[in-house]
Amino acid sequence: MKTFSSPTSKLIAEADGGVGVISINNVAKRNALDLDMWRALPQLLADMAADEAVRVIVLRGAGDSPFASGADISEFRVLRASAAGGRAYEESNEAAFAAVNACPVPVIAMIRGFCMGGGVGLAAACDLRVAAEGAVFGVPAARLGVGYPPRAMRLVVAAFGDAVARDLFFTARRLDAQEAKALGAVHRLWPEAELERETMALARTIAANAPLAMRSAKASINAASGLPGAPDEAGLLALAGACFDSEDYAEGRDAFLEKRQPVFRGR
């Protein structure tokens, strides 16, 4: 097990067997994210993605705690007391969402319990969302008088769809896991007791695949979805071309012909 240095004890980053795990650890506040946590997340993701052994990252609540109940509202009276303060705070939010979305390795949101407010933005920025049957989604911004970060809104619309985003933001209602799954916003849904086991099995399946091919696929999907930060056409072609020039392509081709499991090295 490798541990990554974190500037805050409220984010724990570890990796083992090709799977990186970032745990949100502010359990006393139902994993609300404070400003230090928002600011720390991009560097943690960058450090993990730079490690060749990490092929996929799971973002989750620590232990059996909820995924994330959103931004820490107790900070708002000071840090978001004005338009200027609100914008500065929002920039930290957006940087965290962008870091998840642009992370070159796939990121899985493992969701149990509450996924609210900024937690929805984090989950939407992930490539896959898996949830326990009791998970609940909601964005109470309209009840708080808060404007949601525009770039984060693009991620929410891409994940939940235009119609559902309007419903969530206008009514501020809560969406249960079954409805989220039916709408396609959640990719897998499991009983609470099976969530961690199934999520880690999914992560290990992804970690066994070719890293360069997954990086190319993620960039192309982001571009096709119109998400911010995606490479242009030349960049996408370069990523795809790098796959064909890689040792992993030769390994995948040979393993297929030899009817064995490939061993990819990310080169």
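Only this structure's heavy atoms are used, side chains among them; waters, hydrogens and symmetry mates stay out.
Taking the side chain as every heavy atom from C-beta outward, Val130 and Trp190 approach each other to under 4.5 Å. Contact of the Asp176 side chain with the Glu179 side chain is registered, since non-hydrogen atoms from C-beta on lie closer than 4.5 Å. Considering only heavy atoms from C-beta on, Asp248 comes within 4.5 Å of Arg265 through its side chain. Two residues are said to be in side-chain contact when any heavy atoms from C-beta on lie closer than 4.5 Å; Asp36 and Lys10 fail this criterion. You'll find the side chain of Met200 reaches within 4.5 Å of the side chain of Val21, heavy atoms only.
For the 3.5 Å distance criterion, the side chains of Ser65 and Asn31 qualify, holding a donor opposite an acceptor.
If you chain together hydrophobic residues whose side chains sit under 4.5 Å apart, Leu41 and Val156 fall into the same group. Side-chain heavy atoms closer than 4.5 Å link hydrophobic residues (I, L, V, M, F, W, Y) into clusters, and following such links, even through other members, never connects Phe114 to Phe67. A continuous path of hydrophobic side-chain contacts links Val164 to Leu122 [ILVMFWY only; heavy atoms under 4.5 Å]. Under the 4.5 Å side-chain heavy-atom criterion for grouping Ile, Leu, Val, Met, Phe, Trp and Tyr, Ile22 is connected to Ile24 within one hydrophobic cluster. Leu202 and Ile57 are not part of a single hydrophobic cluster, where members link through side-chain heavy atoms under 4.5 Å apart.
Listed by chain and number, the residues in a ring pair (Phe, Tyr, Trp, His ring centres under 6.0 Å) with Phe264 amount to none (sequence neighbours excluded). In terms of the side-chain hydrogen bond (donor to acceptor under 3.5 Å, both in side chains) criterion, Glu198 has no residue partners (sequence neighbours excluded). In this view, Ser225 satisfies the side-chain hydrogen bond (donor to acceptor under 3.5 Å, both in side chains) rule with no residue, not counting sequence neighbours. Looking at residues two or more places apart in sequence or on another chain, you find a salt bridge (charged side-chain N to carboxylate O under 4.0 Å, His left out) between Glu251 and Arg260. Phe244 meets the ring pair (Phe, Tyr, Trp, His ring centres under 6.0 Å) test with Tyr249; sequence neighbours excluded. Asn26 meets the side-chain hydrogen bond (donor to acceptor under 3.5 Å, both in side chains) test with no other residue; sequence neighbours excluded.
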When you look at Arg55 and Ile206, which way does the side chain to side chain contact (heavy atoms under 4.5 Å, CB included) test go after all the steps? CA-CA 8 Å; Arg55 305 287 180 83; Ile206 293 172; over 6 Å; no
Given the rule in the side chain to side chain contact (heavy atoms under 4.5 Å, CB included) test, do Glu196 and Arg60 qualify, once you have shown the distances and angles that lead to the verdict? CA-CA 10 Å; Glu196 184 164 351; Arg60 58 171 294 174; 3.1 Å; yes
Step by step, would you call Val56 with Val19 a side chain to side chain contact (heavy atoms under 4.5 Å, CB included)? CA-CA 5 Å; Val56 60; Val19 180; 3.9 Å; yes
Checking side chain to side chain contact (heavy atoms under 4.5 Å, CB included) for the pair Leu189/Gln178: CA distance, chi angles, key distance, verdict? CA-CA 8 Å; Leu189 189 62; Gln178 288 74 21; 4.2 Å; yes
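Shown here for Ala40 and Leu11, the closest heavy-atom pair between the two residues is CB-CD1, 3.9 Å. Ala132 and Glu192 make their closest contact through CB-OE1, 3.4 Å (heavy atoms, listed as atom of the first residue, atom of the second, distance). When all heavy atoms are compared, the tightest approach of Pro211 to Gly266 is CG-CA, 3.8 Å. The heavy-atom pair separating Ser246 from Leu212 by the smallest distance is CB-CD1, 3.6 Å. Residues Ala177 and Phe137 share a closest heavy-atom pair of CA-CE1, 4.2 Å. A pairwise comparison of heavy atoms in Thr171 and Asp167 identifies OG1-O, 2.6 Å as the closest pair.
Distance alone, capped at 3.5 Å, is enough to place a donor-acceptor pair between the Ser69 side chain and the Lys29 backbone. Judged by distance alone, with hydrogens and angles left aside, the side-chain atoms of Thr8 form no donor-acceptor pair with the main-chain N or O of Met37 at under 3.5 Å. Proximity of a side-chain donor or acceptor of Arg129 to a complementary backbone N or O of Ala123 within less than 3.5 Å is detected. A donor-acceptor pair is defined here as one N or O able to donate and one able to accept, closer than 3.5 Å; no such pair exists between the side chain of Tyr148 and the backbone of Ala142. No donor-acceptor pair closer than 3.5 Å links the side chain of Arg30 to the backbone N or O of Gly113.
Atom CZ of Arg253 has more than 12 neighbouring heavy atoms from other residues, nucleotides or ligands inside a 6.0 Å radius. Counting heavy-atom neighbours within 6.0 Å of Arg173 CZ, excluding the residue itself, gives a total above 12. Other residues, nucleotides and ligands place more than 12 heavy atoms under 6.0 Å from the CD atom of Glu258.
Here CG of Asp127 is found 6.5 Å from CG of Asn222. Values are rounded to the nearest 0.5 Å. For the atom pair CZ of Phe4 and CD of Glu14, the computed distance is 10.0 Å after rounding to the nearest 0.5 Å. Summarising the geometry, atom CE belonging to Met48 is positioned 9.5 Å from atom SG belonging to Cys103; distances are rounded to the nearest 0.5 Å. Of the inter-residue distances, the one linking Cys243 atom SG with Met214 atom CE reads 10.5 Å to the nearest 0.5 angstrom. Between the CD atom in Glu94 and the CZ atom in Arg154 there is a gap of 10.5 Å [rounded to 0.5 Å]. To the nearest 0.5 Å, the span separating CG on Leu44 from OG on Ser6 amounts to 4.5 Å.
Ionic pairing of Asp51 and Lys2 is present here: one or more N-O contacts between side-chain nitrogen and carboxylate oxygen are shorter than 4.0 angstrom.
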